[in-house]
Undergrad: 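One structure, pasted below without further comment.
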Amino acid sequence: MSYLLPGVAALASLLILPFWSFSFDVIPKVVVILAGSALALLHPRQVPVPRTATFKWFEILVAVQALAILLATLFSKHHVVSLVGSTWRRSGLFAEIAVLILAVTAAQFLATDRGRLRPFLRITVLAAFPVAIYGIVQYFGFDPFMPSSGYHFGEGRFMIVRPPATLGHATYLATYLLYVVFAGAALAQSETRRAWRAWAIATSGLAGFAIVLSGTRAALLGLLAGALFLVVRKQLRWRWAAGALVLLALIAALYVSPGGEKLRARVLWSSEDRLGGARLLLWRDTLRMSAGRWFTGYGPETFTLEFPPHQSLALARAFPEFYHESPHNIFLDALVSQGVLGLLALMALAGLGCVTAHGPVGGAFVAMLVIQQFSAFTLPTQLYFYLCMAILVSDFKTERVETRRWRPFQWVLALPLACAALYLAAGDVLLASARRELDRGDVESAVRSLDRARAWGASADVYFSRRFLAFSQASSDTGTRFRAWQYAMDAAARAPNTAEDRQNALLNLAGFYAMQNNATAVERSLREAIAAAPNWFKPHWLLAQVLARDGHPLEAEAEARAAVERDGEKDPEVSRTLEQLRRR
């Protein structure tokens with residue numbers, strides 16, 4: 001257990017497998033967390049448990065949250081998604097329960113012997129060092145694993161870079177690094193060996209530098225909040241303050257140098273978006289949506305499926321091309337997915353973390369709590385958030401310890417978690433195999449791998465429909481071109497039933513029907529896309545063009561008007577379509 005818990009946490013932040021995994025920055029981490037929680041359940045025959053009031057409340061609140069997640073899953077309209085999670089983060093019932101199990105196990109492990117915290121932090125700092133370095137070198141244009149186009153935005157001197165390192169997105173990287181900054185300080189404070197103290201200080205400084213380069217405003221706010229917490233509690237040491245000033249001086253020098261061009265562009269972008277993008281309208285629409293199922297919620301990971309019909313016209317007009325995968329607030333996420341019981345449990349846990357917060361780890365918890373008001377949990381960030389709480393609630397004098405014996409019912413929990421890890425890993429590996437085979441030009445093998453992946457419940461039909469289509473258009477062999485087209489059409493037809501963004505899958509399918517000159521099927525797909533996402537402008541705009549060509553000018557004008565209303569005059573070609581129809 002001394003290595004299992006910190007090892008799982010370290011791998012959850014560090015592990016990416018670009019070649020072997022299809023969702024290479026998500027699935028490997030989820031599999032590690034699921035497998036680690038199963039091993040944690042089965043590891044000890046006897047578990048010493050502290051009997052403090054704080055620890056009891058922690059266990060009770062975690063149990064309440066687990067119950068809320070279970071109830072939300074039972075009442076969900078999308079049981080498979082709620083069980084294994086959505087494509088973008090895989091945070092379904094099994095994964096969230098796994099995080100809670102690891103948190104309680106860590107609290108038990110640390111409370112019975114506080115000497116275990118130092119090696120725990122050592123492993124954290126060791127794993128964090130390459131993650132921070134990776135984020136930094138991504139900013140400066142070096143990336144051996146991923147195409148940099150995925151995290152560069154804009155053009156010329158207005159281009160910004162949002163390095164994700166191993167966490168999938170700059171915001172998730174910054175959330176994790178907030179923990180690292182303060183965990184490094186905690187290790188440096190308690191460490192007796194100079195080498196480890198120097199490593200901790202270096203990692204903490206690199207993490208702070210990488211946070212700035214990530215361009216995440218909420219992370220800077222969280223970093224400030226964590227520092228202010230230490231100042232108010234009179235726990236900020238002068239050496240840390242001096243180190244922070246040195247780091248600020250280095251960042252200022254970079255900012256005014258040629259290498260700081262993308263940072264300056266990020267500041268410009270931020271100055272033009274002072275309200276945090278879509279968040280205020282998104283929060284309002286989420287609150288309205290949650291009223292429909294306030295008690296049980298819509299189920300874990302169902303936001304992408306359930307939100308489009310609830311999206312307001314105001315949000316659609318302001319951000320017509322945005323895809324909202326979560327409410328970008330952990331409390332609203334809990335409310336809409338788990339209902340009021342899940343919200344109250346999470347709020348109580350956060351309150352318990354704030355009450356018990358002290359020292360650098362307390363600063364880490366405050367910093368992470370602040371940034372999570374503007375972003376969603378992913379499994380790695382959720383795990384570190386709960387590990388912060390586990391460290392805090394375990395740091396109280398234990399007057400009495402009882403020993404809980406290992407019981408057979410733990411198999412009942414461990415077995416489905418291990419099966420979920422195997423289920424997700426197998427499907428993901430097969431999808432990656434299909435992608436590699438397509439890269440090699442082996443279409444038939446790719447199809448066989450996709451069929452096997454579907455048997456494991458894994459699919460990426462929109463992606464593969466476009467890959468097969470591109471292969472068909474590039475091939476010079478008539479037979480290969482025809483078969484690749486058939487495979488592309490088959491994947492496109494499956495996508496509306498397998499993709500979480502059904503409206504996008506239907507739009508993709510309409511494009512395939514258009515290539516077949518099947519106007520009836522194009523119109524049907526576009527109308528279904530409108531039903532799935534009523535306030536998305538694009539299907540209205542495309543349907544207007546289809547209806548105009550088919551000789552329905554009044555209906556076409558109505559759809560074009562609906563598209564303009566939803567687009568918010570962001571795209572000139574949408575307004576131009578309406579003007580052309582009116583002139584006719």
Undergrad: After noting the C-alpha distance and the side-chain angles of W456 and D428, does the key distance pass the side chain to side chain contact (heavy atoms under 4.5 Å, CB included) rule?
TA: CA-CA 9 Å; W456 284 93; D428 182 67; over 6 Å; no
Undergrad: When rounded to the nearest 0.5 angstrom, what is the spacing between OH in Y323 and CG in D501?
TA: 4.5 Å
Undergrad: How about L313 and R566: do any of their side-chain heavy atoms sit closer than 4.5 Å?
TA: yes
Undergrad: Name the one of T87, T302, T304 that satisfies side-chain hydrogen bond (donor to acceptor under 3.5 Å, both in side chains) with E500?
TA: T87
Undergrad: Any side-chain heavy atom of L167 within less than 4.5 Å of one from D25?
TA: no
Undergrad: Would you find a donor on one side and an acceptor on the other, under 3.5 Å apart, between the side chain of S472 and the backbone of F468?
TA: no
Undergrad: Kindly give the heavy-atom pair with the smallest separation between G135 and L173, and that separation in Å.
TA: CA-CD2, 4.4 Å
Undergrad: Using a strict threshold of under 4.0 Å (side-chain N to carboxylate O), is an ion pair present between D490 and R494?
TA: yes
Undergrad: Check the side chains of D143 and Y151 for a donor-acceptor pair under 3.5 angstrom, ignoring hydrogens and angles.
TA: yes
Undergrad: So, using ring pair (Phe, Tyr, Trp, His ring centres under 6.0 Å) as the criterion, who are the partners of F94 when residues are at least two apart?
TA: none
Undergrad: Could you walk me through whether F377 and D333 pass the side chain to side chain contact (heavy atoms under 4.5 Å, CB included) test, one step at a time?
TA: CA-CA 9 Å; F377 276 142; D333 203 356; 5.6 Å; no
Undergrad: Indicate whether the side chain of E301 and that of H78 have a donor and an acceptor atom separated by less than 3.5 Å.
TA: no
Undergrad: How long is the gap from CZ on R288 to NE2 on H310, to the nearest 0.5 Å?
TA: 11.5 Å
Undergrad: Give the C-alpha distance, both sets of side-chain angles, the deciding distance and a yes or no for side chain to side chain contact (heavy atoms under 4.5 Å, CB included) between W88 and V26.
TA: CA-CA 7 Å; W88 78 282; V26 176; over 6 Å; no
Undergrad: Do T378 and Y172 pair up side chain to side chain, a donor and an acceptor below 3.5 Å, judged on atom types alone?
TA: no
Undergrad: Inspect the surroundings of OH in Y255 and state if more than 12 heavy atoms from other residues, nucleotides or ligands are less than 6.0 Å away.
TA: yes
Undergrad: Please determine whether the number of non-hydrogen atoms from other residues, nucleotides or ligands lying under 6.0 Å from atom CZ of F482 exceeds 12.
TA: no
Undergrad: Taking 4.0 angstrom as the limit, do R454 and D451 come out as a salt bridge?
TA: yes
Undergrad: Can you tell me if S433 and E437 form a side-chain donor-acceptor pair at under 3.5 Å?
TA: yes
Undergrad: Quick check: does any side chain N or O of D461 sit under 3.5 Å from a backbone N or O of A492, one acting as donor and the other as acceptor?
TA: no
Undergrad: Do the ring centers of F512 and W485 come within less than 6.0 Å of each other?
TA: yes
Undergrad: Within this structure, what is the CZ-CZ distance for the pair R561 and R582, rounded to the nearest 0.5 Å?
TA: 6.0 Å
Undergrad: Drop me the distance from H79's NE2 to L93's CG, to the nearest 0.5 angstrom.
TA: 11.0 Å
Undergrad: When L220 is tested against each of V212, V370, I371, L178 for side chain to side chain contact (heavy atoms under 4.5 Å, CB included), which residue passes?
TA: V212
Undergrad: Taking Q338 for its side chain and A72 for its backbone only, find out whether a donor-acceptor pair lies under 3.5 Å.
TA: no
Undergrad: Within the side chain of D477, is there an N or O that forms a donor-acceptor pair under 3.5 Å with the backbone of G479?
TA: yes
Undergrad: Can you check whether S476's main-chain N or O pairs, donor with acceptor, with T480's side chain at less than 3.5 Å?
TA: no
Undergrad: V336 pairs by side chain to side chain contact (heavy atoms under 4.5 Å, CB included) with which of E306, R293, M289?
TA: M289
Undergrad: What's the separation between atom CE in M515 and atom CG in L469, rounded to the nearest 0.5 Å?
TA: 4.5 Å
Undergrad: Could you walk me through whether Y463 and F22 pass ring pair (Phe, Tyr, Trp, His ring centres under 6.0 Å), step by step?
TA: CA-CA 11 Å; Y463 170 83; F22 186 78; 5.3 Å; yes
Undergrad: Is there a donor-acceptor contact under 3.5 Å linking the side chains of R162 and T216?
TA: yes
Undergrad: Is it true that D442 and R448 have a side-chain N and a carboxylate O under 4.0 angstrom from each other?
TA: no
Undergrad: Could you tell me which non-hydrogen atom of A544 sits nearest to which non-hydrogen atom of L581, and how far apart they are?
TA: CB-CD1, 4.4 Å
Undergrad: Does any part of the side chain of L506, heavy atoms only, come nearer than 4.5 Å to the side chain of L526, both counted from C-beta?
TA: no
Undergrad: Consider only side-chain N and O atoms of T175 and T381, and report whether a donor and an acceptor are under 3.5 Å apart.
TA: no
Undergrad: Can you name the salt bridge (Lys or Arg N to Asp or Glu O under 4.0 Å) partners of R266, sequence neighbours left out?
TA: none
Undergrad: Could you tell me which non-hydrogen atom of T73 sits nearest to which non-hydrogen atom of L83, and how far apart they are?
TA: CG2-CD2, 4.0 Å
Undergrad: Mind checking whether S312 and R284 have side chains closer than 4.5 Å, heavy atoms only?
TA: yes
Undergrad: Can you confirm whether R452 is buried at CZ, in the sense that more than 12 heavy atoms of other residues, nucleotides or ligands lie under 6.0 Å from that atom?
TA: no
Undergrad: Count the heavy atoms of every other residue, nucleotide or ligand shown that sit under 6.0 Å from CD of E321, and state whether that count exceeds 12.
TA: yes
Undergrad: With a 4.5 Å heavy-atom cut-off, do Q382 and L379 have their side chains touching?
TA: yes
Undergrad: So, the side chain of S525 versus the backbone of V522: is there a donor-acceptor pair under 3.5 Å, distance only?
TA: no
Undergrad: How long is the span from the NZ atom in K538 to the CD atom in Q503, to the nearest 0.5 Å?
TA: 11.5 Å
Undergrad: Do N329 and T286 pass the side chain to side chain contact (heavy atoms under 4.5 Å, CB included) test, and can you show the C-alpha distance, the side-chain angles, and the key distance before you say yes or no?
TA: CA-CA 10 Å; N329 176 283; T286 301; over 6 Å; no
Undergrad: Might you confirm whether atom NZ of K570 has over 12 heavy atoms from other residues, nucleotides or ligands at distances under 6.0 Å?
TA: yes
Undergrad: Can you confirm whether M146 is buried at CE, in the sense that more than 12 heavy atoms of other residues, nucleotides or ligands lie under 6.0 Å from that atom?
TA: yes
Undergrad: Is any side-chain heavy atom of I16 closer than 4.5 Å to one of K29?
TA: yes
Undergrad: Assess whether a salt bridge exists between E523 and R527, defined as any Lys/Arg side-chain N lying under 4.0 Å from an Asp/Glu carboxylate O.
TA: yes
Undergrad: Below 4.5 Å, heavy atoms only, C-beta onward: do W536 and L507 meet side chain to side chain?
TA: yes
Undergrad: Do the ring planes of F322 and H324 sit parallel (below 30°), tilted (30 to 60°) or perpendicular (above 60°)?
TA: tilted
Undergrad: Taking all atoms of both residues into account, what is the closest heavy-atom pair of D285 and F307, and its distance?
TA: CB-CE1, 3.7 Å
Undergrad: Which heavy atom in L332 sits nearest to a heavy atom in P327, and how many Å separate them?
TA: CB-CB, 3.9 Å
Undergrad: Answer yes or no: does atom CZ of F75 have more than 12 heavy-atom neighbours from other residues, nucleotides or ligands under 6.0 Å?
TA: no
Undergrad: Taking the six-membered ring for Trp and the single ring otherwise, decide whether the centroids of F145 and F24 are under 6.0 Å apart.
TA: no
Undergrad: Please report the closest heavy-atom contact between A556 and L547, naming both atoms and the distance.
TA: CB-CB, 3.8 Å
Undergrad: Quick one, L280 and W283 - any side-chain contact, counting heavy atoms below 4.5 Å?
TA: yes
